[in-house]
Protein chains: 2
Amino acid sequence: MVVSRTYGQLCPIARALDVVGERWTLLVVRELLLGPKRFKDLMARLPAMGTNRLSDRLKSLERDGVIAKRILPPPGEAHVYVLTDAGERLRPAVLCLATWGLERPVDERMDPRTARAELLALVRCGLAPPELTRGAHETYEFQIGEERFHVLVNDGDATPRSGSAPFAPDVTIVCDIPTLLMLDSGQITPARAKRERLARIEGPAAAVRRAFEIFSRKHVTDTLRVVPG
Amino acid sequence: MVVSRTYGQLCPIARALDVVGERWTLLVVRELLLGPKRFKDLMARLPAMGTNRLSDRLKSLERDGVIAKRILPPPGEAHVYVLTDAGERLRPAVLCLATWGLERPVDERMDPRTARAELLALVRCGLAPPELTRGAHETYEFQIGEERFHVLVNDGDATPRSGSAPFAPDVTIVCDIPTLLMLDSGQITPARAKRERLARIEGPAAAVRRAFEIFSRKHVTDTLRVVPG
DNA sequence: CCGGATCCGTAACGATACTG
DNA sequence: CAGTATCGTTACGGATCCGG
């Protein structure tokens, strides 16, 4: 049995790190912020962890009430891991760290093949101003290389989720990662990408525009503040 | 030489954790968010680290541009560690984690003797709404048990710092930790604490009121959001 | 005394193989 | 598919030692 090391300090920061401060733990949370996942789904996204480490982390996160293990109703009966409410409340902290990480230089130890569009979506959706999607209720599906994810927009709130949309999406965007990054950084316009057959983009113009505004790098360069809601 | 383990992922969260994800690292940053510190000051606040671990962390944080080593002008010539601008930008992330940590249950492994008033101040100042101190320019000095720290208020911004104020403060508050926690939670009013000789409180009424409003638990119970500035 | 560096036993990690 | 078991390697924690 593993009794994880704690700081033993009566300080909120140390208390948080006692739960999510160990290696890999926040990356597991990161994956679950994109929706429920099975063991193999997590393993596929965090292969360097090893099955034993993932197993350890899932157990202690469950013990600490950050995640829960659910069994899907038949047919299927797969078990999936889900964030609890407490786990979902880690989203601001994860996004703050991500914002800080964005300005870090990329060094040669980072493998470009680990780049994933849904992780970009996680950050962009979290940082998009609510006004952008106020009053809108729609779904965008992205097919980026082998990846499938969708974004649920619900009146000021945009949450990304792994996998295809569970129903017909309002907008569908199909391209590869380099093209998405060019669209993201504004190096190419959606119209031009479509014209040059780099991307397939379908859906009502207004919704498509909102989808690309969420994926706009400019929101990120703004200073991040922490404010009571 | 220690070449710290990295995740090697091209993801902003993993990039951030590559720098501040190792054990103790964010706690060192936490201490430096309260102002520049000498090696022994850090050691006194993080004794469980051991001098070697602290030395390792300071070196890698300096290499990564999060902290810098400064030599104070004579007399003194002490060397201190300071956060760089990049390090200072970790404040929102640290405060987000603290907010999450506040709602974690306290278990028996946490030593009550590690409780420190200046850490409470770090969280409270970070979470206080700017409107509270808009237009105010003043300094509060706290003498809590053996601890000395002060809060610099500057038009909407309140930053706590370890040690006595470098000049005569506008407000002086002297008490022990239990009393401060009671004041913090609203179990006792400043007026009553003063009357019962539990605290010595000096300064203009308006400034004293502001000082205690920053130290008000209610700001923390609000939901925390991350918004572009 | 301050600011470390060195040494060493233990716990966590990473890779792989194995099992219900 | 969803994990355990095993094992060599790395990081951590405590103590001691050393140069300024």
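Heavy atoms only: backbone and side chains are in, while hydrogens, waters and symmetry mates are out. Being a predicted model, the structure only gives us computed values, none of them experimental. Numbers restart at 1 for each chain; the letters A, B, ... are given by sequence-line order, proteins then strands.
Residues satisfying the salt bridge (Lys or Arg N to Asp or Glu O under 4.0 Å) test with A:E147, not counting sequence neighbours, are none. The salt bridge (Lys or Arg N to Asp or Glu O under 4.0 Å) search around A:E88 returns A:R91, not counting sequence neighbours. Partners of B:R5 according to the side-chain contact (heavy atoms from CB on, under 4.5 Å) rule, which considers only residues two or more places apart in sequence or in another chain, are A:R23. Judged as a salt bridge (Lys or Arg N to Asp or Glu O under 4.0 Å), and not counting sequence neighbours, A:R38 has no contacts. Applying the side-chain contact (heavy atoms from CB on, under 4.5 Å) criterion to A:M110, with sequence neighbours excluded, gives A:V106, A:D107, B:L10, B:R15, B:D18. In this view, B:Y7 and A:W24 satisfy the ring-ring contact (aromatic ring centres under 6.0 Å, His included) rule, not counting sequence neighbours. Remark: B:F142 engages B:F149, B:F215 in a ring-ring contact (aromatic ring centres under 6.0 Å, His included) (not counting sequence neighbours).
Going from atom CG of A:L46 over to atom C1' of D:dA2 covers 16 Å, rounded to whole Å. Distance, A:D41 CG to D:dG3 P: 12 Å, rounded to whole Å.
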Along nucleotides 13-18 of chain C, 5' to 3', which nucleotides get a B, which get an S, and which get a -, given that the test is a protein heavy-atom distance under 4.0 Å? BBB-B-
Quick test: give all pairs of protein nitrogen or oxygen and nucleotides 17-20 of chain D nitrogen or oxygen below 3.5 Å, distance rounded to 0.1 Å.
none

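Residue A:K37 places none of its side-chain N or O atoms closer than 4.0 Å to OP1 or OP2 of D:dC1.
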